[in-house]
Amino acid sequence: MIDQPILVIGATGKTGSRVAAKLDARGLLVRRGARRSDTPFDWEDQSTWAPILTGVSKAYVTYFPDLAFPGAIEKLEAFAKVALETGLEHIVLLSGRGEHFASMGEEVIRNSGLGFTIVRSAWFAQNFSEGYLRDPILGGVLPMPGGGIAEPIIDIDDIADVVVAALTEDGHLGERYEVTGPRLMTFAEMAGVLTTTIGRPIQHVPITFEDFHANVAASGNTFVADVFTAIARETLDGRNAYTADGVERALGRKPRDFAEFAQTAMAAGAWPNAA
Ligand SMILES: NC(=O)c1ccc[n+]([C@@H]2O[C@H](COP(=O)([O-])OP(=O)(O)OC[C@H]3O[C@@H](n4cnc5c(N)ncnc54)[C@H](OP(=O)(O)O)[C@@H]3O)[C@@H](O)[C@H]2O)c1
């Protein structure tokens, strides 16, 4: 029986909004954490942490922008301390596969004294429909570094289902679920699926990591580009080119295929001018 609200940090983001909506749909009380939520939460302002944590025993936590940013691990550690003091019992942390700093974040949570579940995720399919690759897709291109590397890209609705299971069912404490889609795909193969689904050519454009850096720098700043390029170099070197069974272990079903993601996103209007 869950009588306290469940906290979702990053509740307006890609995974957090889905987790919050799925908890709402079950009639559960949700406390949303973001900078403009009813109780504001800001990773940059520690005075906002205790108020949002008070009175909750379970929380889903996404760190923004990424655990690889300077100071992130220290902030996560400080957040976990406040969470322990305010009575949090179970934290579900979103982490990334094959990332040094994400692994450090996982260790912080493992050693925090809190009950935990780690959801260590592959690349999000929704990067194409809601993230920074949506604009290029609307322009008919998928510019990606990493050559012909394959990635078991995941539909984040599956991540949200795993998180909700971890927050609402017994049996997930202490688990680390490595969550991926059901198959390895090259970015050229993903572009092929998007071409079929959207109904016009989406061209995979192999780019260098230097080009990737320039693209990110053009839409943000150089420092952000440095960090995200480092993550891209780290994770697109072949180390993540295998599927894992986290979705099946947590949910007892297979993850959704990229083609299903593309059809659902198309039907929801993700690429309105592209058809
Ligand atoms: N993209 C991928 O392929 C991938 C793969 C594996 C893991 N990840 C991890 O996923 C995490 C991001 O999760 P997501 O994609 O679900 O989120 P997201 O869509 O990037 O949304 C970010 C969330 O953080 C909030 N936020 C922004 N600045 C904040 C601040 N200073 N303090 C508090 N909240 C802030 C935003 O809310 P407001 O702006 O409303 O405050 C929003 O709710 C990252 O840690 C990333 O490493 C991503």
Side-chain angles (χ1 to χ4, degrees), residues 7-22 30-49 51-53 59-73 75-76 78-79 82 91-106 108-109 118-134 142 144 146 151-164 176-181 185 187 190 212 216 220 224 227-228 230-232 234-236 239-240 244 246-247 255 258 261:
L7 175 61
V8 177
I9 294 290
T12 54
K14 291 187 289 302
T15 64
S17 61
R18 285 170 167 80
V19 169
K22 285 174 192 281
V30 180
R31 184 177 297 169
R32 286 168 163 81
R35 287 169 298 175
R36 281 175 290 281
S37 48
D38 290 346
T39 306
F41 172 81
D42 194 334
W43 285 109
E44 307 303 325
D45 179 0
Q46 194 163 344
S47 72
T48 65
W49 299 358
I52 204 145
L53 281 161
Y60 172 53
V61 173
T62 62
Y63 188 83
F64 183 85
D66 192 281
L67 288 166
F69 274 71
I73 302 303
K75 275 184 220 157
L76 188 65
F79 176 83
V82 177
I91 184 169
V92 180
L93 177 74
L94 178 64
S95 171
R97 294 171 91 213
E99 292 181 46
H100 170 71
F101 287 105
S103 298
M104 283 178 72
E106 292 178 12
V108 160
I109 295 303
I118 307 287
V119 180
R120 180 189 270 195
S121 177
W123 254 66
F124 297 173
Q126 277 78 358
N127 290 335
F128 297 129
S129 55
E130 299 169 33
Y132 69 100
L133 286 167
R134 180 170 176 266
L142 175 51
M144 285 301 300
E151 166 72 18
I153 194 157
I154 185 167
D155 183 330
I156 63 173
D157 268 312
D158 282 337
I159 298 178
D161 284 343
V162 170
V163 171
V164 168
R176 186 184 73 198
Y177 293 120
E178 187 166 350
V179 296
T180 73
M185 296 179 78
F187 288 105
M190 294 175 209
F212 179 82
V216 180
V224 169
V227 178
F228 280 121
I231 296 169
E234 192 179 22
T235 55
L236 297 177
R239 76 183 63 188
N240 285 341
V247 171
F258 184 74
F261 146 76

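All ligand and atom numbering here is 1-based and tracks the order in the structure. As the structure is a computational prediction, the values presented were derived from the model and not from experiment.
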> One residue to check: Ser17. Relative to ligand 1, which of side chain, backbone, both or neither has a non-hydrogen atom less than 4.0 Å away?
neither
> Of all the heavy atoms in Gly131, does at least one lie under 4.0 Å from an atom in ligand 1?
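Not so, Gly131 does not reach ligand 1.
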> Is Arg32 salt-bridged to Asp38, cutoff N-O under 4.0 Å?
no
> Closer than 4.0 Å to some heavy atom of Ala122 - which atoms of ligand 1 meet that?
5 (C), 6 (C)
> Would you mind running through ligand 1 and noting each atom that sits below 4.0 Å from a heavy atom of Leu94?
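By the 4.0 Å cutoff, the relevant atoms are 9 (C), 10 (O), 11 (C), 13 (O).
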> So which of Trp49, Trp123, Phe64, Tyr60 gets nearest to atom 22 (C) of ligand 1, if we judge by its closest heavy atom?
Phe64
> Got an N/O contact under 3.5 Å between Asp42 and ligand 1?
yes
> To check you understand the geometry: which heavy-atom pair defines the closest contact between Glu151 and Trp123, and what is its length?
OE2-N, 2.8 Å
> Less than 3.5 Å between some nitrogen or oxygen of Arg36 and one of ligand 1, yes or no?
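No; the residue has no nitrogen or oxygen that sits under 3.5 Å from a nitrogen or oxygen of the ligand.
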> Relative to the heavy atoms of Asn127, which atoms of ligand 1 are at a distance of less than 4.0 Å?
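Within the 4.0 Å cut-off of Asn127, ligand 1 contributes 1 (N), 2 (C), 3 (O).
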> Taking distance alone, with N or O pairs closer than 3.5 Å, would you say Asp66 contacts ligand 1?
yes
> Does ligand 1 come near enough to Gly96 that some N or O of the ligand is less than 3.5 Å from an N or O of the residue?
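No, since none of the N or O atoms of Gly96 sits under 3.5 Å from an N or O of ligand 1.
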> Report the part of Phe124 (side chain from C-beta onward, or backbone N, CA, C, O) that has a heavy atom under 4.0 Å from ligand 1; answer both or neither where that applies.
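Both backbone and side chain.
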> Considering only heavy atoms of Gly10, which atoms of ligand 1 have at least one such atom less than 4.0 Å away?
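Ligand 1 atoms under the 4.0 Å threshold to Gly10: 23 (C), 43 (O).
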> Hey, are Arg35 and Asp45 close enough for a salt bridge, meaning a charged N less than 4.0 Å from a carboxylate O?
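No, this pair does not count.
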> Heavy atoms, side chains only, cut-off 4.5 Å: are Asp155 and Gln126 in contact?
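Contact flag for Asp155/Gln126 side chains = yes.
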> Indicate yes or no: does an N/O atom of Glu44 lie under 3.5 Å from an N/O atom of ligand 1?
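No, no N or O pair falls under 3.5 Å.
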> With no hydrogens and no angle check, is any side-chain donor or acceptor of Arg239 less than 3.5 Å from a backbone partner on Thr235?
no
> Tell me the protein heavy atom at minimum distance from atom 44 (C) of ligand 1, and give that distance in Å.
Tyr63 O, 3.1 Å
> Would you confirm whether the ring centroid of Phe64 sits within less than 6.0 angstrom of the ring centroid of Trp43?
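No; Phe64 has its ring centre 6.0 Å or more from that of Trp43.
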> Indicate yes or no: does an N/O atom of Ser95 lie under 3.5 Å from an N/O atom of ligand 1?
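Between Ser95 and ligand 1 (N or O atoms, distance only) the closest approach is not under 3.5 Å.
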